[in-house]
2 protein chains.
Amino acid sequence: VAATASTPEPPYVAVIFTSVRSDDLEGYADVEAELDRLAVDQPGFLGVETAGGALGITVSYWASDDDARAWKGVAEHRAAQVLGRERWYRSYQVRVATVTRAYGVP
Amino acid sequence: VAATASTPEPPYVAVIFTSVRSDDLEGYADVEAELDRLAVDQPGFLGVETAGGALGITVSYWASDDDARAWKGVAEHRAAQVLGRERWYRSYQVRVATVTRAYGVP
């Protein structure tokens with residue numbers, strides 16, 4: 001069931017990853033599912049939200065900037081980044097941001 | 001054609017809007033298209049990225065926090081917020097964040 005992430009009171013860190021996917025998505029779904037499992041166990045992981053289509057957006061939330069950087073360096077994640085650059089993504093952007101306020105209806 | 005937003009060097013502001021859509025999306029597409037047209041002309045608007053599905057994510061980018069707040073208060077946008085809360089969204093979260101670094105392949 002789709003759900004927005006449950007995050008604590010700000011401040012915390014959001015990593016906004018947007019990508020335009022290529023026509024070659026071989027292996028993509030499996031690697032994405034594996035990374036989702038791994039991310040949950042990372043220090044400082046707070047949640048993740050993903051929406052797909054021609055443009056894909058994934059926002060992951062972290063307790064600190066150091067936690068977000070550490071996830072970037074995890075071996076399985078680095079391997080996926082290489083596959084993403086070489087195969088899956090026509091273009092992509094990563095933006096690291098500090099959430100300063102938040103509101104909504106859970 | 002899907003594309004990631006072209007944004008300047010950080011810092012700038014990202015408004016991350018995530019929503020779980022209801023079964024009643026009457027009027028949604030028309031209002032969204034109209035708001036997209038309006039947002040482009042707002043002071044400080046830098047770009048927007050949207051990905052849809054059961055979970056929807058829209059990230060809009062602004063030169064300053066004041067610019068993001070001003071967009072929240074625009075009459076047409078306020079009317080859409082009411083429709084969203086009452087009709088289109090089962091749940092939603094708005095997170096306002098300051099982008100501190102960014103990289104990618106345009």
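Every chain is numbered from 1, with letters handed out A, B, ... down the list of sequences. Not measured: the values here are computed from a predicted model.
Follow the hydrophobic side-chain contacts under 4.5 Å out from Ile16(B) and you never reach Tyr89(B); the two are in separate clusters. A single hydrophobic cluster is seen to contain both Leu38(B) and Phe45(B), as judged by linkage of ILVMFWY side chains at heavy-atom distances under 4.5 Å, directly or through other members. Connection of Tyr28(A) to Val105(B) is established within a shared hydrophobic cluster, with ILVMFWY side chains joined at heavy-atom distances below 4.5 Å, either directly or through further cluster members. Both Trp62(B) and Val40(B) are part of a single hydrophobic cluster, where members link through side-chain heavy atoms under 4.5 Å apart. Note on Tyr12(B) and Val96(B): separate hydrophobic clusters, where clusters join Ile, Leu, Val, Met, Phe, Trp and Tyr whose side-chain heavy atoms are under 4.5 Å apart, directly or indirectly.
Taking Val13(B), Thr50(B), Val59(B) one by one and counting their heavy-atom pairs under 4.5 Å with chain A, the maximum is reached by Thr50(B). Ranking Val15(A), Leu55(A), Asp65(A), Thr58(A) against chain B, the residue ahead of the rest is Leu55(A), based on heavy-atom pairs under 4.5 Å. Interface summary for chain B: among Val99(A), Val20(A), Val94(A), the most heavy-atom pairs under 4.5 angstrom belong to Val94(A). Chain B forms the most heavy-atom pairs under 4.5 Å with one residue out of Ala102(A), Ala5(A), Gly104(A), and that residue is Gly104(A).
In plain terms, the two heavy atoms of Ala51(A) and Gly52(B) that are nearest each other are CB-O, 4.2 Å. Closest approach of Tyr103(A) to Lys72(B), counting heavy atoms only: OH-CE, 3.2 Å. Here the closest heavy-atom approach between residue Ala97(B) and residue Ala97(A) is recorded as CB-CB, 3.6 Å.
Annotation: the span from Glu49(A) atom CD to Ser19(B) atom OG amounts to 9.5 Å, rounded to 0.5 Å.
Interface remark: Ile57(B) contributes backbone and side-chain atoms alike to the contact with chain A (heavy atom separation under 4.5 Å). Only the side chain of Ala14(B) comes within less than 4.5 Å of a heavy atom of chain A; its backbone N, CA, C and O stay farther away. The parts of Thr7(B) that come within reach of chain A are both its backbone and its side chain, each placing non-hydrogen atoms under 4.5 angstrom from that chain. Proximity to chain A (any heavy atom under 4.5 Å) is shown, for Phe17(B), by neither the backbone nor the side chain.
Looking only at atom types and distance, the side chain of Tyr61(A) has a donor-acceptor partner in the side chain of Arg95(B) under 3.5 Å away.
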